[in-house]
Amino acid sequence: MPITNRLALLALTFLFFLPSARADEGMWLPLLLKQLNEADMQKKGLKLTAEDIYSVNRGSLKDAVVQFGGGCTGEIISDQGLLLTNHHCGYSSIQSHSSVEKDYLTNGYWAMSPSEELPNQGLTATFIVRMEDVTKQVLQDVPATGISEDARERLVQQHSQQVAQAAVQGTHYRAFVRPMFGGNEYYLFVTEVFEDVRLVGAPPSSIGKFGGDTDNWMWPRHTGDFSLFRIYAGPDNKPAPYSPQNKPFKPRHHLPISLGGIKPGDFTLVFGFPGRTNEYLTSWGVDEVYYLSDPAKVQVRDTKLRILDADMKASDKVRIQYAAKYASLANYWKKWQGEMRGLKRLDAVTRKQEQEARFQQWATQGDAARRAAYANLLPEFEKNYRAERDVSLARDYVTEAALGVELMLYANSLLAVVDIKNAADRTAAVQKLKTGVNGFFRNYSKSTDQKVAAALLALYAENTPSTLLPDYVKDLQKQYPGKSKWHILPPTSSPNFAEAQHNIPPSIDWTAYADYLYSKSRLTTPESANAVLDEVAKGNVAALTNDPAYQLASAIVTNYRANILPPYQIANDNITLLSRTYIAGLRQMQTDKTFYPDANSTLRVAYGQVAGYEPRDGVKYEYYTTLDGIMEKADPTNPDFQVPARLVELYQKKDYGPYAVDGTVPVAFIATNHTTGGNSGSPVINGRGELIGTNFDRNWEGTMSDIMFDPDQVRNITLDVRYMLFVVDKYAGATRLIQEMTLVGKPEANGKPAKEAKVKKGKHKQKA
Ligand code: ARG
Ligand code: GLU
């Protein structure tokens with residue numbers, strides 16, 4: 001059936017299910033809260049005004065929120081620049097100060113005086129000074145139609161830079177412009193970037209990473225996922241590079257910390273820097289994620305993780321070398337599986353088709369202008385997704401599988417040096433490459449990587465449509481004939497697309513080939529790799545170009561750049577343009593709905609309420625966890641569930657100080673806020689503007705919220721701030737840190753009278 005007919009039919013069926021703004025969905029621009037959300041937030045329990053949350057003229061909550069490094073969020077919790085974020089966000093800083101003798105990852109670290117606070121080169125904390133809608137300036141003289149996406153983007157970039165430069169002229173601020181709603185709007189962000197951010201405290205991994213990858217993305221959760229840093233500033237309280245003379249930064253606002261607790265239904269607000277969402281994807285886009293991209297990536301990582309796991313179990317050396325790589329691979333491997341289940345549960349593709357049917361009907365029934373703008377939009381989407389499908393899959397297999405082989409990734413980093421004709425330039429480039437050699441090989445196990453190569457190259461070669469494979473790879477079947485066994489399609493293929501008939505994959509014995517590759521290539525040890533680079537510096541480029549690892553990587557990457565990327569980019573540019581129009585159309589169609597822009601690592605507010613959930617039939621989850629649950633999960637035989645002796649001791653003595661609730665200590669809670677990657681470390685704030693926790697994860701059942709939100713299932717996971725205080729105070733004895741915080745809600749807190757104990761203590765049911 002032609003798509004327009006099918007859409008019309010669906011439209012009839014679903015005419016009456018008009019969408020409305022759905023509870024708790026949304027990542028809102030702080031600047032627009034007054035206009036869009038204030039009334040709704042107050043109805044749901046916010047006691048503040050929008051101006052208290054975001055203001056340019058006076059201190060507001062936003063002045064206590066920073067982007068921490070590149071990918072996390074942090075919040076300011078004292079008037080001396082003390083910063084709270086996640087343990088997994090501070091992980092690389094903690095690691096960089098660690099050695100076998102001073103193993104801060106394993107044992108934790110607590111600066112007992114200011115002089116023990118440890119500087120971190122390259123770590124930044126970025127405040128948002130202000131934001132502004134600059135759509136008019138950016139789109140000035142940019143034709144709305146009849147311009148290529150490429151040319152439009154160049155103009156937009158040029159205008160954005162002008163706007164950003166003008167905004168910070170003569171100040172120490174920085175600025176950038178970001179598109180919202182697919183480029184229908186543009187916003188300026190003026191930032192203040194602090195460069196002297198020091199490590200103040202971190203619990204041992206047995207607290208900060210308790211549950212490890214086993215519990216990652218899961219509820220119920222017992223991870224004490226926090227670490228503490230401090231922002232330092234120059235004598236004028238402005239950003240300055242590290243100097244022993246720098247002083248603790250005096251913020252415009254720091255968050256008071258509530259000891260008052262939470263109960264179901266309580267208002268919660270998450271303020272942070274969510275990275276990326278795709279809420280306005282069409283059914284074809286969701287189809288691609290669900291049937292193609294997620295399964296392919298999961299399959300590749302699944303294969304790789306199995307191999308790493310076996311080798312890590314067999315060797316301590318490999319275990320340490322691959323711990324961080326394993327964790328980072330496992331994180332999204334697990335997330336994508338949750339996402340697929342969530343999309344299935346929601347029947348997301350069908351829901352999107354229903355929405356598209358309504359859109360099509362709205363478009364075709366409109367006046368001439370509306371019809372001209374929108375009536376042909378959806379068929380165009382379909383056309384471009386169809387064109388993109390094979391190359392998109394091929395792209396996933398290059399990035400995840402072929403370049404998932406470390407030897408390929410390494411060889412890829414050496415490709416460019418061959419093209420340098422000038423001898424002096426080449427020597428300089430080789431010099432630079434040589435500085436990377438030791439870093440790469442320190443955490444490299446050749447025999448592990450060889451096993452990975454045998455499996456992942458097979459996945460790459462057998463799942464890439466063979467027209468998109470380089471001849472170099474196909475020709476390997478002459479020398480290494482074998483049987484294909486990895487092909488995953490069609491079991492996951494979409495009912496919405498007749499998947500392209502891929503030619504028969506090459507039949508190669510990848511184990512035999514990997515044997516050859518890893519015995520012949522000189523790029524597999526630091527000594528021989530250095531020797532190759534030295535020869536290249538002397539002008540013998542063939543030392544590199546004759547290497548079989550170089551040749552394979554070069555063949556894969558050259559083919560990727562020539563045959564996969566260009567058509568992918570063309571389709572993708574078209575889809576970008578179509579999406580902009582589609583979002584504009586949706587906003588015209590649903591005038592009663594409040595829209596939010598997709599996450600793009602800019603400052604956002606999400607709000608919702610404390611709530612448990614029912615993950616599946618017959619199972620009901622509480623909204624909070626406690627220290628008792630840590631003891632329940634304790635397992636000395638499992639590295640993910642170690643409990644430090646000191647914690648056991650506090651537990652046995654019930655030495656909980658003012659952080660106790662009903663004879664235990666609260667550890668984590670969940671709420672309905674719409675969050676994503678990048679929200680890690682975000683302050684979770686109650687209706688009075690007080691800190692109740694720090695966000696660190698999402699529940700597995702809710703991971704599809706990057707594409708489709710479901711208020712029944714989506715929960716953000718928050719470390720209860722009282723567990724943080726308990727660990728800092730009772731476990732670590734770092735009372736100087738407690739002293740500088742502003743605790744509210746319980747009179748005996750930090751030895752001084754609390755500001756106002758106007759909060760009623762949350763009623764916690766004793767666990768059965
Ligand atoms: N899932 C959390 C976030 O995406 C935490 C990741 C770190 N923790 C871990 N066990 N690997 O990204
Ligand atoms: N742990 C994630 C982060 O590092 C947050 C989890 C999510 O995606 O919601 O940002």
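Just so you know, ligand 1 is whichever comes first in the structure, and atom 1 is the first atom listed for that ligand. No experiment lies behind these values; they were computed from the predicted model shown.
- Cation-pi geometry between Arg178 and Phe176 is met: under 6.0 angstrom from the ring centre, within 45 degrees of the axis.
- Residue Arg306 forms a side-chain hydrogen bond (donor to acceptor under 3.5 Å, both in side chains) with just one option from Thr303, Asp309, Asp302, and that option is Asp302.
- The protein residues lying under 4.0 angstrom from ligand 1, judged by non-hydrogen atoms, are His88, Gly212, Asp213, Asn216, Trp217, Asn331, Phe696, Asp697.
- Remark: distances from the non-hydrogen atoms of His88 to ligand 2 include one below 4.0 Å.
- The pair Asp196-Arg198 meets the salt-bridge criterion, since a charged nitrogen lies less than 4.0 angstrom from a carboxylate oxygen.
- Nearest heavy-atom pair across Trp110 and Gly201 is CE3-CA, 3.7 Å.
- Residue contacts with ligand 2 for Asn86 are absent, since no atom lies close enough (heavy atoms, distance under 4.0 Å).
- Among protein heavy atoms, atom 1 (N) of ligand 2 sits closest to Ser680 OG, 2.8 Å.
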One pair to check against side chain to side chain donor-acceptor pair (under 3.5 Å): Asn331 and Asn216. What are the steps and the verdict? CA-CA 7 Å; Asn331 194 31; Asn216 192 23; 2.8 Å; yes
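- Side-chain contact check for Arg345 versus Asp710: some heavy-atom pair is nearer than 4.5 Å.
- Under 4.0 Å from ligand 2, not a single heavy atom of Tyr332 appears.
- Annotation: Arg698 places an N or O atom under 3.5 Å from an N or O atom of ligand 2; distance criterion only.
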